[in-house]
Peer 1: 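One structure is given below, represented as structure tokens, and several questions about it will come after.
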Amino acid sequence: MIATRRLPGSGMQLSELGFGTATLGNLYRAVSDEDAAATVAAALAAGMRYADTAPYYGFGLAEKRLGTALRAADGVVVSTKVGRLLVPADGPLPEERHGFRSAEPYEPVYDYSYDGVLRSHEASLARLGMDRVDILLVHDIGRLTHGDRHADRMAELAGGGLRALERLRVEGTITAFGIGVNECEVALELLDRGPLDLILLAGRYTLLEQGALDVLLPRCAASGTGVVVGGPYNSGILAGQTPRAGTRYDYAAAPALVLEKARRIEAVCARHQVALGAAALQFVLAHPAVTSVVPGLASLTEVAETVARYGAPIPAQLWAELKQEGLLRMDAPVPSETRGGTA
């Protein structure tokens, strides 16, 4: 059974194990409408009651598929994102754009303004076929995405987008708002400006890297900011049994040093007869600031594997050995042995 945790300050309960929908937007490979619907149905049946999506995922495809699949479902918390507007695409479309194999005739354009956030929210509701979503997250703000344009984008968000989010929350159109990012620095920058209900942090707190332990996670725990971990497998390198050359890490082929560390972690897991993916999934849930983890799911098999990983028994000795080998930070919270997973 999948447990739930309360999102601080909002009263919402999120399932510890949620599902990300970038895969339903045909990230890296095509998924049929039928398989997408079956995947969502299986996730719901397994007890996953939190789904995260975004306009960017397949240029609206993931939102449309999720909305259709949830049409008859009750009690599911949904988050989607703002910061990109979808505009009509010009000319013929390549088979793959931004990593998505989607034929939706739109292109994403950054817009963190007051009007842009409101327009993005309205368009997402239309694609989802819903009259409200629970959570809105500002998508991919930060220097990692915008480089030299970061200051301009941040000024646009601070000068307008955040006010739009506050308005929507006051009006009751959303329950909570926050950010969905791949870096710690911008999360701290925004926390300096004011409180956030939630940070969806993708790839920066995993078995491979725990830099978020330095400042961000302690600050979230102290301030009551909920944390959802995305990308617990670091784009796939922690999902399989034996990381191989060419395996993705951070949306690209894994560098040699990262690949070597992943192989060493997998070797420790193998000695304790634990699947690498199970250790990766359960590890992130051990931190008290983390409310949920949302791996991407694209098939019935992946749903079944994810549920099995969530409940797999993991001996305390595995975590101890990872720390002794210098593969896991000594101050990283680890799951208890008693629950076969999350603490």
Side-chain angles (χ1 to χ4, degrees), residues 3-18 20 50 52 77 79 81-83 134-145 150 154 157-158 161-163 165-166 168-170 174-232 234 280-294 319 322-323 328-336 338-339 341-343:
T4 61
R5 296 185 184 183
R6 181 177 175 272
L7 183 64
S10 74
M12 283 187 295
Q13 293 286 333
L14 273 58
S15 55
E16 288 184 337
L17 189 57
Y50 170 47
D52 175 69
V77 174
S79 61
K81 302 185 181 74
V82 297
D134 303 284
I135 304 167
L136 272 185
L137 302 172
V138 178
H139 202 186
D140 288 341
I141 191 74
R143 194 171 300 280
L144 183 67
T145 300
H150 169 63
M154 183 61 77
L157 177 64
L162 290 177
R163 287 193 296 109
L165 291 168
E166 289 167 355
L168 292 170
R169 186 173 59 183
V170 168
I174 62 173
T175 302
F177 71 80
I179 58 174
V181 295
N182 296 278
E183 58 179 295
C184 295
E185 292 77 11
V186 73
L188 293 168
E189 184 178 349
L190 280 165
L191 284 172
D192 286 340
R193 294 176 178 269
L196 298 171
D197 298 308
L198 176 65
I199 295 171
L200 195 161
L201 185 66
R204 299 287 76 81
Y205 188 63
T206 69
L207 268 184
L208 273 174
E209 51 186 289
Q210 297 96 50
L213 285 172
D214 292 334
V215 180
L216 181 59
L217 290 180
R219 184 165 176 181
C220 288
S223 66
T225 301
V227 177
V228 168
V229 171
N234 277 122
L281 195 66
Q282 293 187 29
F283 167 71
V284 298
L285 282 167
H287 197 285
V290 173
T291 302
S292 181
V293 58
V294 287
W319 309 111
L322 287 174
K323 290 186 176 184
L328 188 62
R329 280 180 46 159
M330 295 299 291
D331 59 341
V334 296
S336 68
T338 56
R339 190 173 170 267
T342 56

Peer 1: Do the non-hydrogen side-chain atoms of T175 and V77 ever get within less than 4.5 Å of each other?
Peer 2: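 No - every pair of side-chain heavy atoms lies 4.5 Å or more apart.
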
Peer 1: Please tell me if the side chains of K81 and V138 come closer than 4.5 Å, counting only heavy atoms from C-beta onward.
Peer 2: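 Contact flag for K81/V138 side chains = no.
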
Peer 1: Please report the shortest heavy-atom distance between P8 and G224, naming the atom on each side.
Peer 2: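 In terms of heavy atoms, the two residues are closest at CB-O, 3.1 Å.
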
Peer 1: Pairs in or reaching into residues 174-196: which pass ring-ring contact (aromatic ring centres under 6.0 Å, His included), with residues at least two apart or in two chains?
Peer 2: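 ring-ring contact (aromatic ring centres under 6.0 Å, His included) check on residues 174-196 returns no pairs.
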
Peer 1: Could you tell me which non-hydrogen atom of H287 sits nearest to which non-hydrogen atom of P333, and how far apart they are?
Peer 2: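 Between these two residues, the closest heavy atoms are CD2-CG, 3.7 Å.
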
Peer 1: Please identify each residue that fulfils salt bridge (Lys or Arg N to Asp or Glu O under 4.0 Å) with R329, with sequence neighbours left out.
Peer 2: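 Scan of R329 (salt bridge (Lys or Arg N to Asp or Glu O under 4.0 Å), adjacent residues dropped) gives D214, D331.
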
Peer 1: Does the side chain of L281 come within less than 4.5 Å of V293's, by heavy atoms?
Peer 2: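 With C-beta onward as the side chain, the pair touches.
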
Peer 1: Determine, stepwise, if the pair L196 / L190 fulfils side chain to side chain contact (heavy atoms under 4.5 Å, CB included).
Peer 2: CA-CA 8 Å; L196 298 171; L190 280 165; 4.2 Å; yes

Peer 1: Considering all heavy atoms of both residues, which atom of L213 and which atom of L217 are nearest to each other, and what is their separation?
Peer 2: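 Between these two residues, the closest heavy atoms are CD2-CD1, 4.2 Å.
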
Peer 1: Answer whether the closest heavy-atom distance between the side chains of L201 and I179 falls below 4.5 Å.
Peer 2: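 Not touching, per the 4.5 Å side-chain cut-off.
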
Peer 1: Which heavy atom of Y205 sits nearest to which heavy atom of V284, and what is that distance?
Peer 2: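 Minimum heavy-atom contact is O-CG1, 3.2 Å.
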
Peer 1: State, with a plain yes or no, whether a side-chain heavy atom of M12 is found less than 4.5 Å away from one of R5.
Peer 2: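 Contact flag for M12/R5 side chains = no.
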
Peer 1: Mind checking the NE2-CG spacing from H150 to L144? Nearest 0.5 Å is all I need.
Peer 2: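 So the NE2 of H150 and the CG of L144 are separated by 11.0 Å.
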
Peer 1: Please confirm whether the backbone N or O of G142 pairs with a side-chain atom of T145, one donor and one acceptor, at under 3.5 Å?
Peer 2: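 Here the side-chain-to-backbone pair does not exist.
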
Peer 1: Measure the OG-CG distance between S79 and L198 for me, rounded to the nearest 0.5 Å.
Peer 2: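 Between atom OG of S79 and atom CG of L198 there are 7.0 Å.
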
Peer 1: Taking salt bridge (Lys or Arg N to Asp or Glu O under 4.0 Å) as the test, write out the residues that go with E209, two or more places apart.
Peer 2: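 E209: salt bridge (Lys or Arg N to Asp or Glu O under 4.0 Å) contacts with R204.
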
Peer 1: Under a 4.0 Å N-O cut-off, is there an ion pair linking D197 with R169?
Peer 2: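 Yes, charged N to carboxylate O under 4.0 Å.
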
Peer 1: At what distance, to the nearest 0.5 angstrom, does CG of L322 lie from CE of M330?
Peer 2: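 These two atoms lie 11.0 Å from each other.
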
Peer 1: Determine, stepwise, if the pair M154 / V186 fulfils side chain to side chain contact (heavy atoms under 4.5 Å, CB included).
Peer 2: CA-CA 9 Å; M154 183 61 77; V186 73; 3.5 Å; yes

Peer 1: Would you find a donor on one side and an acceptor on the other, under 3.5 Å apart, between the side chain of S292 and the backbone of S15?
Peer 2: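 A pair under 3.5 Å: yes.
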
Peer 1: Are any non-hydrogen side-chain atoms of L188 and R219 less than 4.5 angstrom apart?
Peer 2: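 Answer yes - side chains close enough.
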
Peer 1: Measure the spacing between CG of L137 and CG of L200 and express it to the nearest 0.5 Å.
Peer 2: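 Between L137 CG and L200 CG, I get 6.0 Å after rounding to 0.5 Å.
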
Peer 1: Where do D52 and I135 land on the side chain to side chain contact (heavy atoms under 4.5 Å, CB included) test, with the steps shown first?
Peer 2: CA-CA 9 Å; D52 175 69; I135 304 167; over 6 Å; no

Peer 1: Quick one: closest heavy-atom pair of G226 and L7, and the distance?
Peer 2: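 In terms of heavy atoms, the two residues are closest at CA-CD1, 3.8 Å.
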
Peer 1: V228 vs I199, test: side chain to side chain contact (heavy atoms under 4.5 Å, CB included). Steps then yes/no.
Peer 2: CA-CA 6 Å; V228 168; I199 295 171; over 6 Å; no

Peer 1: Which pair of non-hydrogen atoms, one from A280 and one from P232, has the smallest distance, and what is that distance?
Peer 2: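 Smallest heavy-atom distance, with atoms named: CB-O, 3.9 Å.
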
Peer 1: Calculate, to the nearest 0.5 Å, the distance between atoms CG and CG belonging to L165 and L157 respectively.
Peer 2: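 So the gap between those two atoms works out to 7.5 Å.
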
Peer 1: Which distance, rounded to the nearest 0.5 Å, do you find between the SG of C220 and the CG of L191?
Peer 2: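 Here the interatomic distance stands at 5.5 Å.
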
